[in-house]
J.: 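I have a structure I would like to understand better, so I am pasting it below and will then ask my questions one at a time.
Counting from 1, the numbers follow the sequence of the chain as shown. Heavy atoms only: backbone and side chains are in, while hydrogens, waters and symmetry mates are out. Treat the numbers as computed from the prediction; the structure is a model and nothing was measured.
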Amino acid sequence: LQKQLDQKQTEQSNSLKAAEGLLVDAEKRLSEAIKAGDMCQVSVASGLLEVGRKRVAAVNRELTSIAENRKKMKIDDI
């Protein structure tokens with residue numbers, strides 16, 4: 001079970017980095033679209049921001065669950 005938690009945590013950490021990268025890219029695209037007055041690209045960038053935020057939230061929930069499972073394992077070992 002410990003190995004599974006380690007693997008899940010590694011996967012989720014990588015997913016978090018990817019989601020954070022998406023947010024950075026979306027923020028940059030949004031800023032450029034606003035400066036250019038391109039409402040179509042503003043809409044696209046806003047959508048990317050929403051997807052990125054949801055992904056970060058989902059990964060954070062999963063990482064919290066992993067941490068809780070680790071804590072439970074430690075309590076059970078006592």
Side-chain angles (χ1 to χ4, degrees):
L1 186 60
Q2 183 67 34
K3 272 187 173 182
Q4 289 175 338
L5 289 176
D6 290 344
Q7 183 179 5
K8 272 187 165 183
Q9 184 169 359
T10 298
E11 290 170 3
Q12 293 303 314
S13 293
N14 290 337
S15 291
L16 184 59
K17 288 177 188 174
E20 289 172 342
L22 176 62
L23 286 175
V24 169
D25 184 52
E27 288 171 354
K28 180 180 174 188
R29 288 178 71 166
L30 181 59
S31 176
E32 290 171 356
I34 290 171
K35 287 177 187 174
D38 186 342
M39 294 312 292
C40 182
Q41 286 302 310
V42 166
S43 178
V44 170
S46 294
L48 287 174
L49 276 171
E50 186 171 337
V51 168
R53 287 182 186 127
K54 286 181 180 180
R55 185 67 189 136
V56 167
V59 171
N60 281 332
R61 283 191 301 273
E62 184 64 30
L63 287 170
T64 299
S65 174
I66 291 168
E68 288 170 353
N69 286 335
R70 286 185 191 278
K71 186 176 180 180
K72 184 178 177 187
M73 284 176 52
K74 287 181 182 179
I75 291 172
D76 290 345
D77 287 344
I78 296 177

J.: How many angstroms lie between CG in Asp25 and CG in Leu49, if you round to the nearest 0.5 Å?
T.: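 It comes to 9.5 Å.
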J.: Salt bridge check: are Arg70 and Asp6 linked by an N-O gap of less than 4.0 Å?
T.: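 Yes, charged N to carboxylate O under 4.0 Å.
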J.: Can you tell me if Ser31 uses its side chain to pair, donor with acceptor, with the backbone of Glu27 under 3.5 Å?
T.: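 Not confirmed, Ser31 side chain does not pair with Glu27 backbone.
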J.: Measuring from atom CG of Leu30 to atom CG of Asp38, what distance do you get when rounded to the nearest 0.5 angstrom?
T.: 11.0 Å
J.: Above 12 or not: heavy atoms from other molecules or residues under 6.0 Å from CD of Glu50?
T.: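 Counting neighbours around CD of Glu50, 12 or fewer heavy atoms of other residues, nucleotides or ligands fall under 6.0 Å, so no.
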J.: Taking all atoms of both residues into account, what is the closest heavy-atom pair of Arg55 and Ala19, and its distance?
T.: CG-CB, 3.7 Å
J.: If the test is side-chain contact (heavy atoms from CB on, under 4.5 Å), which one of Gln9, Glu11, Lys71 qualifies with Ile66?
T.: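 Checked Gln9, Glu11, Lys71 against Ile66; only one passes side-chain contact (heavy atoms from CB on, under 4.5 Å): Gln9.
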J.: Without swapping roles, check the side chain of Ser65 against the backbone of Arg61 for a donor-acceptor pair under 3.5 Å.
T.: no
J.: I need the Glu62 CD to Lys8 NZ distance, nearest 0.5 Å.
T.: 5.0 Å
J.: Tell me the closest heavy-atom pair linking Arg53 and Leu23, and the distance in Å.
T.: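 Shortest heavy-atom separation between Arg53 and Leu23 comes out as N-CD2, 3.6 Å.
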J.: Under a 4.5 Å side-chain heavy-atom rule over Ile, Leu, Val, Met, Phe, Trp and Tyr, are Met39 and Val44 clustered together?
T.: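 No, separate clusters.
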J.: Rounded to the nearest 0.5 Å, what's the gap from CG on Leu5 to CD on Gln12? Could you check?
T.: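 One finds 11.5 Å between CG of Leu5 and CD of Gln12.
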J.: Indicate if Val56 and Leu63 have the same hydrophobic cluster label, given that clusters are the connected sets of ILVMFWY residues with side-chain heavy-atom separations under 4.5 angstrom.
T.: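 As far as the 4.5 Å side-chain criterion goes, Leu63 and Val56 are connected within one cluster.
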